[in-house]
K.L.:
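Have a look at the structure that comes next, please.
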Amino acid sequence: MDVKVTPPSAPFPGSVQEIPGGGIVLSTLDDVINWARSNSLWPLVFGTSCCAIEMMSAASAKYDFSRFGFEVARATPRQADVIIIAGTIVNKMAPVLKRLFDQMPDPKYVIAMGACATSGGPFFYNTYSVVKGADHVIPVDVYVAGCPPRPEALLHALITLQEKIKSGLTRDQIRTQFAENGK
Amino acid sequence: MGNEELILKLKEVFPEMDCVQGNDWPELSFGSDRLIDVITYLKQTPELAFDYLFCETCVDWKTHFNMVYHLDSTRYRHNVVLKVKTDREKPEIASLAHVYRTAEQHEREIFDLFGIVFLGHPNLKRIMLTEEWVGYPLRKDYEDPINIIKL
């Protein structure tokens, strides 16, 4: 799967056709919609352990992920676009996570932050209570390594998610495309 | 009271018990039948005044369980650790819920994860695991082939 990386010099998808007295922007509607969506992603306030501290750090002034359009963290899934699974998911939390994900409006995206959300991490062996990877419960678009990942790593994941959305390659977009075109 | 003074005092009152200096605090070890005696003495003696149970937990030594109680005096700021040996086949010990109210929640958690039965506890049922859970996960011999991947 190729995620095309948008160069900073081309912030808007499409091309400008110069004509006397101005110009016309040529683009496809899908590209414009994906561009708009990727630059306004509202994360859900969801943190189950120490990764949430790093996520808060990434949200605060020093790292400030609202620079990239992750403007306002929403305390309700009904207003959120992206869920950052920041922390360990235990068996008792799994149904809660599923319900939160189901309550989010489409299109929705998922980032698994840190070792626990990716694979169970330090709790992979000899534990009775931990889900070995959040992707057993909900589909994940971007995985971040680290225990916990640094805020820079989370920022990289968020930007990767934006590129994925612009390329139309998130799980949600692929599923929608498949339902519409059968391919 | 300092640690040395506390050890001397405890050795004088409970000569048959083992009292040593631990990493931080004096540690008193004894059998489960003496628990209520010791706790009552420590709490009600005015110069000791251990009025706060700040930690209650359990250790599985495979041959037996050790209940561990950490007591603090909010008046004198001295601490003591009690280590109480409990039978593994029939793990029963007196509840401290009527002496220290905080023990009620601690003991429910220990019952949940170690399966120790606290006699006289007002509401002894599982606190974190589901009601229908079988077994006690923090015991060394706990087996769960579905969830546990062994290393």
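This is a predicted model, so every value here is computed, not measured.
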K.L.:
Are A/V130 and B/I148 co-members of a hydrophobic cluster defined by side-chain heavy atoms under 4.5 Å apart?
P.N.:
no
K.L.:
May I ask whether B/V13 and B/M17 are part of the same hydrophobic cluster, defined by side-chain heavy atoms of I, L, V, M, F, W, Y residues being less than 4.5 angstrom apart, directly or through others?
P.N.:
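Yes; tracing contacts between hydrophobic side chains, which count when under 4.5 Å, links both residues.
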K.L.:
Going only through I, L, V, M, F, W and Y residues with side-chain contacts under 4.5 Å, is there a path from B/L6 to B/V68?
P.N.:
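Not linked; separate clusters.
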K.L.:
Just to verify, what does A/A94 make a side-chain contact (heavy atoms from CB on, under 4.5 Å) with, not counting sequence neighbours?
P.N.:
A/I89, A/V131, A/V137
K.L.:
When you scan chain A against chain B, which donor-acceptor pairs turn up at less than 3.5 Å?
P.N.:
from, atom 1, to, atom 2, distance (Å)
A/K92, NZ, B/M128, O, 2.4
A/N126, N, B/I149, O, 2.8
A/N126, OD1, B/L151, N, 3.4
A/K132, NZ, B/N147, O, 2.5

K.L.:
By side-chain contact (heavy atoms from CB on, under 4.5 Å), which residues pair with A/P107, not counting sequence neighbours?
P.N.:
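If we apply the side-chain contact (heavy atoms from CB on, under 4.5 Å) test to A/P107, skipping adjacent residues, the hits are A/R37, A/Y109, A/D172.
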K.L.:
Who are the salt bridge (Lys or Arg N to Asp or Glu O under 4.0 Å) partners of A/E152, not counting sequence neighbours?
P.N.:
A/R150
